[in-house]
Each structure stands twice: as C-alpha cells, then as structure tokens.
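Single-structure report; data block below.
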Amino acid sequence: MQLYKNQSLKIYNTLSGEKENFETIHTGNVGMYVCGPTVYSHVHLGNVRTFMSFDIINRYLLHLGYNVRYVRNITDAGHLTDDGDVNNDRFVKQTRLEKLEPMEVVQKYTVYFHKVLDLFNFLPPDIEPTATGHILEQIELAQKLIADGFAYVSNGSVYFDVLEYNKKGLNYGELSHRNVEELLANTRDLDGQNEKKNPQDFALWKQASPAHIMRWNSPWGEGFPGWHLECTAMSTKYLGEKFDIHGGGMDLKFPHHECEIAQGKASHGVSPVKYWMHANMLTMNGLRMSKSTGNFILPMELIEGGNAFFEKAFHPNIVRFCFLQAHYRSVLDISNDAMVASEKGFARLMEGIKLLPTIEPKTVSSINIQAWKQNCFDAMNDDFNTPILIAHLFEGIKFINLLNDTKETITAEDLKELQNTMAIFVFDILGISNEKENTNNTEKLEGVVSMLIGMRNDARANKNWQLSDDIRDQLLKLGIQLKDGKDGTGFSIQ
Ligand code: AMP
Ligand code: ZN
C-alpha cells in the first residue's frame with residue numbers, strides 16, 4: 001500500500017536547517033545511506049542510539065510503502081582519529097593491543113555489532129558494504145579527482161584541494177556552516193600537514209608507513225584510503241550520484257559529511273544528497289558517551305546487568321522504548337532513573353495492549369479512532385517525532401482501560417482498527433519485539449514435544465523400541481532432552 005500518497009512527511013534537513021516536505025528523487029523509491037560503525041572495538045550504547053534512530057526512519061518509510069534501499073557500511077579500513085596521523089589509526093592501535101590480524105579485529109567487532117543489532121530487533125540494511133571491499137572504487141574516485149584538478153599527489157598520498165574547490169565556485173563548509181578561514185585557524189599541526197598545499201586539505205589516500213599493516217597497492221604506491229572517500233565511493237556505487245537521505249551522528253557533520261559533499265560535487269557535478277539527517281548524542285552523566293573518554297556502557301552490560309551504573313538488567317525492549325521517548329535530534333541522557341521509568345511506562349503500554357482481545361464491542365464508539373490514528377501518523381510525519389507518537393499511544397491505552405472498565409464503548413470495526421493501529425505503531429514502526437509471539441512459539445514447541453512424548457509412550461507400550469528410541473535420539477539432536485522419571489517423561493530444551 002502506497003500510504004505515502006496520503007501522508008505528508010516532513011524531514012529536518014541539516015543542509016537547509018529547516019523541516020522540508022519529503023519528496024523522493026524517484027517516485028516511490030528511497031535511497032538511504034547511513035555511516036556504519038568503525039569496527040575496531042565494541043559498539044557502545046551511544047552508537048546503538050544513532051543506528052536505532054535510522055532503524056525507525058527505515059521502518060517508517062517502509063510502512064509508508066516506499067521501496068527503500070538502505071545502505072549502511074562497515075568501516076573496516078584505517079579510520080584516522082586525526083586526519084593524517086598514521087599513529088592514530090584505530091585499527092593499527094587495536095591490532096597491536098590485542099595481538100590479532102587486522103581482519104581478525106574487524107571480524108570480531110563486526111560479529112559483536114550484528115549480535116547487538118539482533119538483540120535490539122533492528123531491521124538489517126539492504127546492503128552492508130565494507131571499505132576494504134571497495135578499495136578499487138576509492139582509487140578510481142581519487143584518480144578522477146586528480147584528473148579534474150580537485151586533488152593532488154604529495155609524497156605518495158593524495159589530498160583534496162579545498163581552496164581549488166572553492167575557487168571553482170563550490171562552497172566547502174555549506175553543511176557545517178564553517179568558512180575556510182575559520183577552518184584554517186582551527187587546524188592543528190598534525191602529521192602530514194607539511195605535505196598539504198593548505199592545512200584545510202583532507203586526505204583521499206595516505207601513503208602507508210612501514211608500521212602500517214593494512215595497506216593496498218595504488219598508482220601512488222602502497223597505502224590506504226581516507227575515511228571520507230569510502231562513504232562517497234560506496235554510496236555512489238549503490239545509490240547513484242544523488243540519492244535521497246544520508247544519515248549519521250551529529251559528530252559526523254564535520255569533517256566527514258562536509259568532505260563527502262565536496263567529493264561528490266567535485267567528482268559528479270551534483271550535490272550527492274537531498275536530505276542530510278543527523279542524530280543527536282546519547283550522554284551519560286551529562287557527557288557524551290564515547291570510547292575514548294571511558295564514559296560509556298556496552299549494550300550487553302545493560303541487558304545482562306552486573307555493572308555499577310544500573311541497579312539491574314533491562315530487557316532490550318526497555319532500552320528501545322527509553323531511547324524512543326526522546327526525539328532523534330535531542331540529546332538523551334541515560335540514567336538508572338530513566339531506565340526504571342521507561343520500564344514502568346513500557347509495562348503499562350503492554351498491559352493495555354494485552355487487554356484489547358478481551359474488550360466486548362458495542363453498537364457505538366465513544367471515541368474517534370480515525371482521528372487518533374491520524375494523530376499517530378502526524379507525529380511520525382513531523383520529522384519522526386517518536387516521543388509525541390508515544391504520547392498518543394498512551395492516549396490509546398487510556399481509552400483501552402476505560403473500555404475495559406465499561407466507561408467507554410467501541411464498535412467491532414473500530415476495535416479492530418484500534419488493535420491494528422496499536423500493533424503497527426508499537427511493533428512494526430517503533431520496532432518493539434513482540435514477546436507474545438515468542439511466548440506463543442515456546443508454547444507451541446512445548447506442545448509438539450509433549451505430543452511426541454505421547455507417541456513415544458504408545459510405541460513403548462507396543463514394544464516398538466526402534467520408534468521410541470528414534471524419537472528420543474532425534475529430539476536430542478535438536479537439543480531437546482527427554483528425561484524418564486517415575487512420574488512420566490519430562491524434557492529440557494537446551
Ligand atoms: P563510529 O563507530 O565511531 O564511527 O560511530 C558510529 C556512529 O555512532 C556514528 O554515526 C556516530 O556519530 C555515532 N555515535 C558515536 N557516539 C555517539 C553517542 N554518544 N551518541 C549517539 N551516537 C553516537
Ligand atoms: Zn560515512
């Protein structure tokens with residue numbers, strides 16, 4: 001269903017600083033690129049928040065009936081913490097620390113990342129390209145930029161020429177609203193600065209020092225790609241020279257996304273992205289959650305408990321619910337109190353939903369379900385305002401409780417609409433995992449095993465030992481162990 005035809009979605013575009021009507025480049029299709037994690041260590045809860053913001057955006061666009069191609073990369077080639085300083089390459093540091101091959105580090109933390117996303121019920125992207133898998137595309141882009149006069153080679157490295165870009169009438173700094181002079185004043189004296197024509201220039205390709213283990217052949221000698229170039233190479237390859245949405249955390253606005261705009265405009269003559277979206281930060285104790293400062297919590301520490309910051313473990317659904325109670329462009333400070341409050345709110349929401357099948361329909365409705373439903377859509381249409389949506393969902397819960405107390409009435413048709421709308425917004429759009437379904441599946445599994453135990457008992461009564469042993473052995477292979485006792489046969493599922 002092409003719901004988007006009846007809903008007017010507005011998106012805040014960082015580039016214009018305004019909420020704009022969402023109009024896709026190709027009718028019915030959305031190309032969305034989100035900068036993925038740098039897999040040199042565990043993703044922390046802050047990273048999870050940003051990816052969750054874009055999970056909601058993806059989910060809502062899908063619900064509206066758009067054909068979404070969602071690309072989220074894995075940064076697995078040298079990500080410089082400071083542009084140009086090879087000793088700051090996060091992979092090199094971690095490789096030394098853990099005594100692992102670089103690709104072992106990459107694999108270890110990519111697996112962890114996927115595990116976390118599964119736990120939090122994220123929809124997977126349609127394409128998850130890696131930087132190391134796109135070295136050729138990056139080299140080709142750098143060659144084109146050199147050929148067109150936007151980049152130059154210096155001592156085996158390639159730099160983007162920011163002043164040349166501006167001389168050609170393009171405007172470096174348009175996203176972050178910085179000007180070149182300001183950038184000049186803020187550029188620190190880093191390794192590689194003396195190779196650059198101007199301090200604002202950024203690396204497209206870096207020559208590898210002997211100590212640098214991740215290295216590839218290039219026309220300029222052995223080296224490795226710059227971080228900004230990888231996203232331009234991969235987004236162009238899978239979404240084209242201009243696509244609808246590009247997202248990431250606020251901290252990526254500058255220099256990463258600014259550089260992507262410059263690379264895109266210089267190489268393809270068009271601004272690469274229609275809507276730039278930036279998710280705000282998760283803070284803890286009022287400070288940005290970050291690996292480098294040590295102010296972070298790992299997702300598993302929150303889900304499994306056993307850390308000093310939270311009094312207990314919290315289910316991933318509660319974490320999701322807590323995050324979504326803040327708008328994606330607002331800062332969210334995580335705390336024990338916030339989690340406890342979210343747990344209470346979440347329980348109230350789920351209890352209300354559970355009451356729905358027990359409500360008796362009447363001949364008239366005392367609430368306008370269609371108006372309530374549109375309020376839910378309007379909240380999401382207003383730049384994905386999940387806190388307002390949740391407030392409307394609680395309005396729905398209030399109504400369900402009144403119905404339950406027979407203080408309000410509803411027709412069968414409206415009841416069905418209420419039930420469907422709740423399920424769509426809570427499970428499909430907010431991405432809360434449906435525990436009821438899991439419980440149902442467990443119940444079904446237990447039912448099937450009990451049935452097989454009955455069949456095995458019959459087989460034993462008929463002295464059909466072959467069949468009874470087969471049932472026991474096949475179940476064991478599936479991790480279900482039958483235990484014969486004096487009160488009959490029980491089982492455990494591993
Ligand atoms: P990284 O792996 O450092 O490239 O980060 C992956 C994503 O997480 C990026 O989009 C960052 O902007 C985002 N991010 C990093 N720290 C935080 C934070 N404290 N809160 C929200 N997002 C963050
Ligand atoms: Zn990126």
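Every heavy atom of this structure was used, including side-chain atoms; hydrogens, water molecules and symmetry mates were not. Order of appearance sets the numbers: ligands from 1, and atoms from 1 within every ligand.
- Checked against the 6.0 Å centroid criterion, the rings of Phe425 and Phe377 qualify as a close aromatic pair.
- Ligand 1 places these atoms under 4.0 Å from at least one heavy atom of Asn47: 5 (O), 6 (C), 7 (C), 8 (O), 13 (C), 14 (N), 15 (C), 16 (N).
- Note: His42 and Tyr112 have perpendicular aromatic rings, judged against thresholds of 30 and 60 degrees for the angle between ring planes.
- Residues Phe51 and Phe113 place their aromatic rings such that the two centres sit under 6.0 Å apart.
- When ring centroids are compared, His134 and Tyr238 come within the 6.0 Å threshold.
- With a 4.0 Å heavy-atom cut-off, ligand 1 is reached by no atom of Lys291.
- Within ligand 1, the atoms closer than 4.0 Å to a non-hydrogen atom of Met289 are 16 (N), 18 (C), 19 (N), numbered from 1 in the order shown.
- Between Asp251 and ligand 1, at least one N/O pair is under 3.5 Å apart.
- Between Phe314 and Phe310, the angle of the ring planes goes over 60°, which puts this pair in the perpendicular group of the 30/60° scheme.
- Aromatic ring centres of Tyr66 and Phe22 lie closer together than 6.0 Å.
- Ion pair Glu351/Arg348 not flagged as a salt bridge, since none of the NZ, NE, NH1 or NH2 atoms sits closer than 4.0 Å to an Asp/Glu carboxylate oxygen.
- Here His228 fails the criterion, with no N, O or S atom under 2.8 Å of the Zn ion (ligand 2).
- Close approach of ligand 1 to His44 is summarised as follows: ligand atoms under 4.0 Å from at least one heavy atom of the residue are 16 (N), 17 (C).
- No other N/O/S atom of His256 lies as close to the Zn ion (ligand 2) as NE2 does.
- Counting atoms of ligand 1 from 1 in the listed order, those under 4.0 Å from a heavy atom of Pro37 are 2 (O).
- Close approach of ligand 1 to Leu282 (heavy-atom distance below 4.0 Å) involves ligand atoms 18 (C), 19 (N), 20 (N), 21 (C).
- The nearest N, O or S atom of His257 is not closer to the Zn ion (ligand 2) than 2.8 Å.
- Here's the thing with Thr50: one of its N/O atoms is less than 3.5 angstrom from an N/O atom of ligand 1.
- Contact annotation: for Leu252 versus ligand 1, heavy atoms closer than 4.0 Å belong to the side chain alone.
- A cation-pi arrangement is absent between Arg72 and Phe54 under the rule of less than 6.0 angstrom and at most 45 degrees off the ring axis.
- For the pair Arg320 and Phe122, the cation-pi test (distance below 6.0 Å, angle within 45°) is passed.
- Around atom 10 (O) of ligand 1, the closest heavy atom drawn from Gly46, Ser290, Gly249, Ser41 belongs to Gly249.
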